Structure formats: structure tokens, C-alpha cells
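For reference, the structure is listed below as C-alpha cells.
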Amino acid sequence: MDRLPPLNAIRAFEVVARRLSITVAAEELHVTPGAVSRQVRTLEDALGVPLFVRGHREITLTRAGEEYYRAVTRSMDGLREATVRITRRTRRTQLKVRAYTTFAMRWLIPRLSSFHAANKGIEVLLTASLDPVDFRREDIDGAIRLGDGKWNGANAFRLVSNILVPVCSPAVAKKVRGPADLQRQVLLHSIARPDDWACWLAAAKADGQVDARSGMTYQSSAMAYAAALEGQGFAIAQRFLVEDDLASGKLVAPFRKAVDMGDFTYYLVTPADRPESASMATFRKWLLAQFGGDVAV
């Protein structure tokens with residue numbers, strides 16, 4: 001037989017076989033016992049074999065009925081599971097958020113599981129890019145940006161203080177005593193933040209001794225931090241992004257001087273000309289709570 005038997009008949013058979021009662025099956029299906037009996041007969045006729053042994057007050061499955069019931073049950077269970085998966089997926093709200101690679105890898109991604117655990121109906125679709133954000137042209141709900149908090153057409157929520165500190169491995173730290181000693185060390189740079197070393201060296205009064213442009217340059221700060229972890233030199237780090245490595249001792253900050261960049265720091269930015277969605281509000285409140293802040297600029 002190339003075609004499936006009538007699906008209504010298969011459904012009726014599955015309930016009768018599970019309940020072993022025409023009457024109880026009829027109650028579950030919200031139809032009459034006569035209708036259930038007709039559906040079962042239709043299936044038996046289509047298959048060409050009896051599926052039940054009908055007694056005076058009870059019915060039992062034949063051997064063919066037992067075999068068919070197992071097959072139907074597997075198929076029905078698969079349909080139920082697929083239905084649940086699809087239904088859950090369509091009920092979830094997708095929130096499109098952009099961040100920098102280093103911020104995403106070293107801070108946001110490790111914490112996103114806690115957001116998803118608390119907000120099962122919201123799926124954060126996270127992308128990484130250095131490009132400026134244009135909410136008028138791009139289909140994104142929010143972005144993590146580094147700047148002074150002033151973006152046209154955007155609400156800005158300050159996240160964290162941007163404090164610069166040189167970091168290195170413990171072995172490399174033994175080679176220096178003061179900032180001027182960096183002239184004999186390899187400075188690790190990020191393309192995204194080309195001025196950080198110059199800013200710190202000037203604040204440490206070592207810009208006359210150390211060339212802020214010397215050393216090695218990487219595509220992202222995450223790469224520079226990885227190089228520092230491997231003992232390849234000194235990275236100029238945003239402290240909150242290396243706190244775990246500092247706490248574990250994998251990285252050290254050998255100099256006391258730290259530079260607070262003030263308003264030039266990380267913000268969550270959202271479009272000012274759109275009403276904030278419930279899911280975006282939930283994400284914003286969660287993100288600000290992680291940093292202990294709630295200030296809009």
C-alpha cells in the first residue's frame with residue numbers, strides 16, 4: 001500500500017489501543033463510541049488485518065495490532081516532540097544585539113547563559129563588528145559601543161568604567177620595575193584601540209622614554225590579551241575585561257598607575273525613534289544590573 005491509512009483512523013486506533021476501551025477512547029476524543037468503532041474498522045479494512053480481539057466487555061490487541069501500535073506510538077511521539085520544538089521556537093522573541101568581539105568573548109558570552117535561563121522566551125542573537133551602528137538602516141535592536149555616550153538617534157546607557165592598565169604574565173612582570181622599563185619590552189596593541197598605550201604612557205609620565213607605537217598589533221584586544229597570557233609582552237587592557245585573569249593570577253598588573261577614561265567607555269545603545277520592546281527592556285535591565293548601573297545618557 002503506497003498511501004497512508006486515514007490519519008483520523010490511526011489517531012482513533014492509538015487511543016483505543018492505549019486505553020483498551022472504545023468508550024474511554026470516545027471520551028478522550030470527544031466523539032461517540034460508534035464513531036470510534038467506525039474509525040477502527042476503517043483502519044482494519046485499509047490494512048487488511050484485524051487489530052483487536054473483541055470480547056463481550058473487553059477488547060485486546062491482536063499480534064498485528066500490538067506491532068502496529070508500537071509503530072504508531074513511535075510516530076506519534078515523534079510528531080509531538082517536533083510540534084513542541086517548533087511551538088517553543090516560534091514563541092520565542094529574537095533580540096538582535098551587536099557587540100565588539102572582545103567584549104562579547106570575554107564578558108558577555110560567559111554571562112548570557114544566566115540571561116537565557118531567567119528569560120526562556122527571549123533569544124539573544126549576538127553578532128560582532130567594529131562598524132558604526134545605524135539603526136535606520138540595520139535590523140538590530142541594540143548594540144554595545146565604545147564612545148563618549150553621544151550618538152545621534154540613540155539612547156545611551158553607561159555600563160562600566162573604562163580603566164586602562166598594562167597587564168602581562170607573571171614571568172614577564174619580573175623584567176620591569178617601573179613604566180620606563182617598558183622601552184625594552186614588547187607592547188601589544190589592538191587595531192580597535194590604537195591610542196590606549198599613548199594615553200597610559202602619558203599619564204604614567206613615561207611617554208618620553210617609551211615609544212607608544214612600538215610592538216605588535218592584533219585585530220582585536222582579545223588577541224592582544226591572549227598574547228599577554230602566553231608571555232609575549234604587555235597588553236594595555238580595559239581592566240574589567242581581564243578581571244578574571246587578574247584574580248586567578250594568570251595575568252598581573254605590575255604598575256600602580258591606572259587611567260580612568262571618564263565618559264569614554266562602554267554603553268548600551270538603542271534606537272531613540274522606536275518604542276522599546278518588552279524583550280529589549282528586559283535585556284537592558286539585566287545588562288545594567290550586571291554592572292550595577294541604571295543611568296541613561
Side-chain angles (χ1 to χ4, degrees), residues 92-112 115-116 119 122-165 189-200 202-203 212-213 217-225 236-242 258-297:
R92 297 183 74 180
T93 299
Q94 192 174 77
L95 196 61
K96 297 176 182 178
V97 176
R98 177 182 294 175
Y100 299 108
T101 299
T102 301
F103 186 97
M105 292 177 60
R106 296 190 67 89
W107 193 92
L108 185 53
I109 290 174
R111 292 166 174 81
L112 265 184
F115 175 81
H116 286 139
N119 301 278
I122 304 174
E123 178 185 3
V124 177
L125 178 60
L126 181 63
T127 58
S129 174
L130 295 175
D131 296 335
V133 174
D134 187 344
F135 289 116
R136 294 171 298 176
R137 299 183 179 181
E138 298 180 85
D139 182 22
I140 58 174
D141 300 293
I144 312 297
R145 297 286 94 180
L146 182 64
D148 60 4
K150 298 175 183 178
W151 286 274
N152 292 330
N155 303 309
F157 301 87
R158 183 188 172 105
L159 297 178
V160 63
S161 295
N162 181 18
I163 297 175
L164 302 181
V165 291
H189 304 261
S190 166
I191 291 176
R193 291 169 26 230
D195 301 322
D196 283 1
W197 267 118
C199 181
W200 186 87
R213 296 168 296 177
T217 301
Y218 296 89
Q219 182 69 30
S220 68
S221 296
M223 293 181 179
Y225 299 160
I236 185 69
Q238 292 161 305
R239 191 166 62 190
F240 82 99
L241 291 175
V242 294
V259 176
D260 189 336
M261 299 296 287
D263 289 337
F264 189 81
T265 187
Y266 285 92
Y267 297 81
L268 169 67
V269 295
T270 60
D273 59 353
R274 294 185 222 160
E276 185 178 53
S277 67
S279 56
M280 188 67 234
T282 299
F283 180 76
R284 171 177 56 79
K285 291 174 183 177
W286 172 83
L287 186 62
L288 291 172
Q290 302 304 302
F291 289 110
D294 58 359
V295 179
V297 177

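Atoms considered below: every heavy atom in the structure, side chains included; atoms not considered: hydrogens, waters and symmetry mates. Numbers here are sequence positions counted from 1. Quick caveat: nothing in here was measured; it's all calculated off a predicted structure.
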Close side-chain approach of Ser221 to Arg106, heavy-atom, < 4.5 Å: no
Ring geometry between Tyr266 and Phe103 (parallel below 30°, tilted from 30 to 60°, perpendicular above 60°): tilted
Inter-residue atom distance Thr102.OG1 - Leu130.CG, 0.5 Å rounding: 8.5 Å
Intermediate values then yes/no, side chain to side chain contact (heavy atoms under 4.5 Å, CB included), Asp141 and Gln94: CA-CA 10 Å; Asp141 300 293; Gln94 192 174 77; over 6 Å; no
pair Arg213-His189: side-chain heavy atoms closer than 4.5 Å: no
Asn162 (side chain) donor-acceptor with Met261 (main chain) under 3.5 angstrom: no
Contacts of Asp196 that satisfy side chain to side chain donor-acceptor pair (under 3.5 Å) - sequence neighbours left out: Arg193
Over all atoms of both residues, closest heavy-atom pair of Tyr267 and Ala156: CD2-CB, 4.1 Å
Nearest atoms (heavy-atom pairs only) where Ile122 meets His116: O-CD2, 3.3 Å
Separation between CG of Leu126 and CZ of Arg98, rounded to the nearest 0.5 Å: 11.0 Å
Nearest heavy atoms of Thr217 and Ser190, plus distance in Å: CG2-C, 4.3 Å
Residue pair Phe291 / Trp107, side-chain heavy-atom distance below 4.5 Å: yes
Check: Leu164 and Gln238 side chains under 4.5 Å, non-hydrogen atoms: yes
Arg158 side, atom CZ; Leu268 side, atom CG - distance, nearest 0.5 Å: 14.0 Å
Sub-4.5 Å side-chain heavy-atom contact between Leu112 and Phe283: yes
Separation of Thr270 OG1 from Asn155 CG (nearest 0.5 Å): 4.0 Å
Closest non-hydrogen atom pair, Tyr100 against Leu146: OH-N, 3.0 Å
Non-hydrogen atoms of Arg111 and Trp286 that approach each other most closely: O-CZ2, 3.4 Å
OG1-CG distance between Thr101 and Leu108, expressed to the nearest 0.5 angstrom: 12.0 Å
Minimum heavy-atom distance between Ala258 and Ile163, given as atom pair plus value: CB-CG2, 3.7 Å
Non-hydrogen side-chain atoms of Leu159 and Leu288 separated by less than 4.5 Å: yes
Gap between atom NZ of Lys285 and atom CD of Gln290 - 0.5 Å precision: 14.5 Å
Min side-chain heavy-atom separation Val124-Phe115 under 4.5 Å: yes
Residues 271-279 side chain polar contacts: donor-acceptor under 3.5 Å, at least two apart:
{"unit_1": "Arg274", "atom_1": "NH1", "unit_2": "Ile140", "atom_2": "O", "d": "3.2"}
{"unit_1": "Arg274", "atom_1": "NH2", "unit_2": "Phe135", "atom_2": "O", "d": "2.9"}
{"unit_1": "Glu276", "atom_1": "OE1", "unit_2": "Arg284", "atom_2": "NH2", "d": "3.0"}
{"unit_1": "Glu276", "atom_1": "OE2", "unit_2": "Arg284", "atom_2": "NE", "d": "2.7"}
{"unit_1": "Ser277", "atom_1": "OG", "unit_2": "Ser279", "atom_2": "OG", "d": "3.2"}
{"unit_1": "Ser277", "atom_1": "OG", "unit_2": "Met280", "atom_2": "N", "d": "3.1"}

Parallel, tilted or perpendicular, as decided by the 30° and 60° cut-offs, for the rings of Trp197 and Trp200: perpendicular
